[in-house]
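So that we are looking at the same thing, I have put the structure below in structure tokens.
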Amino acid sequence: MLSSFPSPFRGEKDSLAEGIDEAIRELDKLKPEMEGGAAFLGTNPALTIDFDNVKKSVLGPKMKSSKEVIKDVIKLFEGLPNWGHPLTMNNVNPQGNTAAIVAAILSEVFAPNILEGEYAWNIHQAELESGGILANLAGWEAENAGCVYTYGGSGCWTYHLKYALTRVLPDSRYKGIRTDAKVICSQQAHYTMLNSTDWMGLGMDNIIRIKTDVDTNAMDMRHLEEVLKDCRTKKIPVASVVCTMATTDASAFDPVEEVRDLIEKYPNPQGYGKTLLYCDSVIGWSWIVFKNYNFKTNLLGFSDEVLPYLEKNYNAIKGIFYADAFGVDFHKTGFSPYISSTFVYKNAKEFESLLSRGVPAYLQPRSPYNPLNYTLEVSRAATGSMAGWATLKFFGHEGFQSVLGGILENKVYLQKQIACYPELVCVNPSDYGLVTLVRIYPEGSNARLQFHNELGDPAYRRKLIEHNKLTQAVGDTLFNWFRSGKTINGKCTPYLSFSTGFRAAEYNRELKDKEAVIYAIKIFPLNVSITPEVMDHVLLCVIAARDEVKKNALQCV
Ligand SMILES: *Cc1c(COP(=O)(O)O)cnc(C)c1O
């Protein structure tokens, strides 16, 4: 049994060190040998889980060797998307950086529990220092700010809602939520608003969704003002207004400063606390690293086309300064492993005292920092805080700037290439984010004109829906190709995805018509191995998939 656990002492033959070394080498064998290989691990792309019988499993009678078990573990990775592969561009799923992966693994070896000081000891530096660095980037007084690592961007949303409800409905911690306070966010806010309002007991019907601007996809300030005015007149308290920064597909940023002004203009009725302003910046946060970048001297040598994108993104994200709190997903645009999200708040004293509970009798405060008094979770793994902190330490301003700017160089190249194909149209040309959304039309189409009509003219509704179906079929074909290891021009096809409605048609701003929305193929080139040649190949594959769909449709007729 002793050899089944890591040795507590130095110098002995250690099953853990050997096991990890061997396991990583075995895992690496699942990577493709050369660049042309498929974007999944191993050789078998099929789902091999026996879904009919898997739950009939029972505990085995005998002990196995850890070697055997690790072999079984490695088998489970067969077929998994290879996130670092240059052909993986399906979503905001980057490969973790080496420092962050190692930091996360180490925190599994000697498991600190970051619920309180005694069990975390110096490991708490990771959470505390992350809070300081992120608050400084936001332009806040870092000594008065703080952060808690939690279970994702959705956890950050939930934290904000708890904070808001506690502030606005002071009785709610003991008496429960008895008032229909409202949570206001844009039509393009992330669907996790449903999770948070549901689980927090506020109820999903208490979300008010603000229309978005036809061109920028950002929250419409006139509509927001109407809603806030209306709540004020009817004496309905507003728990929070959420600015999404950026939205997942359209990369839209809501104007935080203007939202702040409106919150000040329409305060909650007497007896309720002040409306909270939260930035759901879990995707867009990392643009803040351009804070110290001199766009004129441009020391990192970004192209003239990319420079304005960087500046625009920085100018949009710096609005988090006006928020009470913002969310950070290191596992998205921080290139870290899951789950490494943190909820950053401006006023630590307020947040931590509003949510504070007494110290439980069986834990003694051995350090000045004991977040268990106000966190949602009790035991908290250090993996996320270690991954996030290691990433901040590893990249610094310049590392983040290089990775983000490099991705934009690829994106700008891709957009230029799209413009060369009459049957392709980029449908998010005016957003400055990392994702490119593209629609493909039948051969001989003028995609730009057709899309323009479908977007704005209700007379083209039928065509819009028809071409949405085409987009979906192309997306599914590409997925099947990726999964079957198909090659085009000797190279495997990319792993892409598609959006079934990243925005509404212009005449459907109220979203009354579920079908009058824009589908698009999604190209999210989020890793550092991607090159312009890979982008050229991606477009050829999209066109080939369209031809395949058309061919199959003809055969059906
Ligand atoms: C991804 C995302 C979320 C959810 O975050 P998880 O880390 O997946 O829990 C919330 N909001 C936005 C804008 C997102 O992009």
Side-chain angles (χ1 to χ4, degrees), residues 81 83 90-94 96 100 104 130 134 147-164 183-200 204 207 209-210 212 216-219 240-256 259 277-288 313 316-317 319-320 323 325-344 376-377 380-381 383-385 387-388 391 404 407 428 431-435 437 497 499 501-503 522 524 526:
W83 307 115
N90 67 315
N91 208 335
V92 54
N93 294 329
S130 299
L134 291 166
C147 80
V148 279
Y149 276 85
T150 187
Y151 64 87
S154 37
C156 296
W157 231 98
T158 300
Y159 259 110
H160 118 262
L161 186 57
K162 179 65 187 164
Y163 185 9
V183 174
I184 299 176
C185 55
S186 97
Q187 256 172 8
Q188 296 188 22
H190 194 273
Y191 66 83
T192 195
M193 66 184 150
L194 301 174
N195 301 33
S196 296
T197 50
D198 182 13
W199 283 75
M200 204 49 69
M204 295 183 267
I207 301 171
R209 302 185 70 179
I210 304 298
T212 48
T216 64
N217 295 304
M219 202 188 269
S240 67
V241 181
V242 178
C243 291
T244 309
M245 336 246 311
T247 59
T248 319
D249 287 343
S251 195
F253 286 83
D254 293 333
V256 195
V259 171
L277 172 48
Y278 174 60
C279 284
D280 180 6
S281 52
V282 294
I283 283 202
W285 68 276
S286 50
W287 297 114
I288 198 73
N313 284 329
I317 194 62
I320 53 175
F326 61 93
V328 166
D329 272 0
F330 283 98
H331 56 253
K332 286 182 179 155
T333 50
F335 309 89
S336 304
Y338 293 112
I339 284 179
S340 44
S341 301
T342 190
F343 177 75
V344 192
L376 166 63
E377 303 94 333
R380 289 195 300 142
T383 47
S385 66
T391 298
L404 292 167
I407 293 169
N428 66 332
D431 88 47
Y432 294 86
L434 302 169
V435 63
L437 300 170
S497 64
S499 169
F502 82 99
R503 58 166 298 176
K522 198 159 151 177
F524 222 131
L526 210 59

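Ligands are counted one by one from 1 in listed order, and the atoms in each one are counted from 1 as well.
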Could you please spell out the steps behind the side chain to side chain contact (heavy atoms under 4.5 Å, CB included) verdict for Y159 and T150? CA-CA 9 Å; Y159 259 110; T150 187; 3.4 Å; yes

Suppose I only count heavy atoms of H331 and a 4.0 Å limit; which atoms of ligand 1 are within that range? 7 (O)

Interatomic spacing from OG1 in T158 to OH in Y151 - rounded to 0.5 Å: 3.0 Å

Atoms in ligand 1 flagged as close to D329, the criterion being non-hydrogen separation under 4.0 Å: 5 (O), 6 (P), 7 (O)

Mark yes or no for whether S251, through its side chain, and D431, through its backbone, hold a donor-acceptor pair below 3.5 Å. no

Numbered in order shown, the ligand 1 atoms found under 4.0 Å of a heavy atom of G153 are 4 (C), 5 (O), 6 (P), 7 (O), 9 (O)

I'd like to check which ligand 1 atoms, numbered from 1 as shown, lie under 4.0 Å from a non-hydrogen atom of S154. 4 (C), 5 (O), 6 (P), 9 (O)

In Å, rounded to the nearest 0.5 Å, how long is the span from CG of D280 to CZ of F326? 12.0 Å

Short N/O distance, under 3.5 Å, between K332 and ligand 1? yes

Note: ligand 1 atoms sitting under 4.0 Å from heavy atoms of G152 are 7 (O), 9 (O)

Nearest 0.5 angstrom please: L526 CG to K332 NZ, how far? 11.0 Å

Taking heavy atoms and a distance under 4.0 Å, where does A189 meet ligand 1: side chain, backbone, both or neither? neither

Geometric N/O contact D280 with ligand 1, under 3.5 angstrom: yes

Interatomic distance, SG@C279 vs CD1@I317, rounded to 0.5 Å, equals 7.0 Å

Using a 4.0 Å cut-off to any heavy atom of A246, which atoms of ligand 1 qualify? 13 (C)

M245 to ligand 1, any heavy atom closer than 4.0 Å: no

Nearest 0.5 angstrom please: S281 OG to D254 CG, how far? 11.5 Å

Taking the ring of F330 and the ring of W285, is the distance between their centroids below 6.0 Å? yes

For ligand 1, which atoms sit closer than 4.0 Å to a heavy atom of I283? 15 (O)

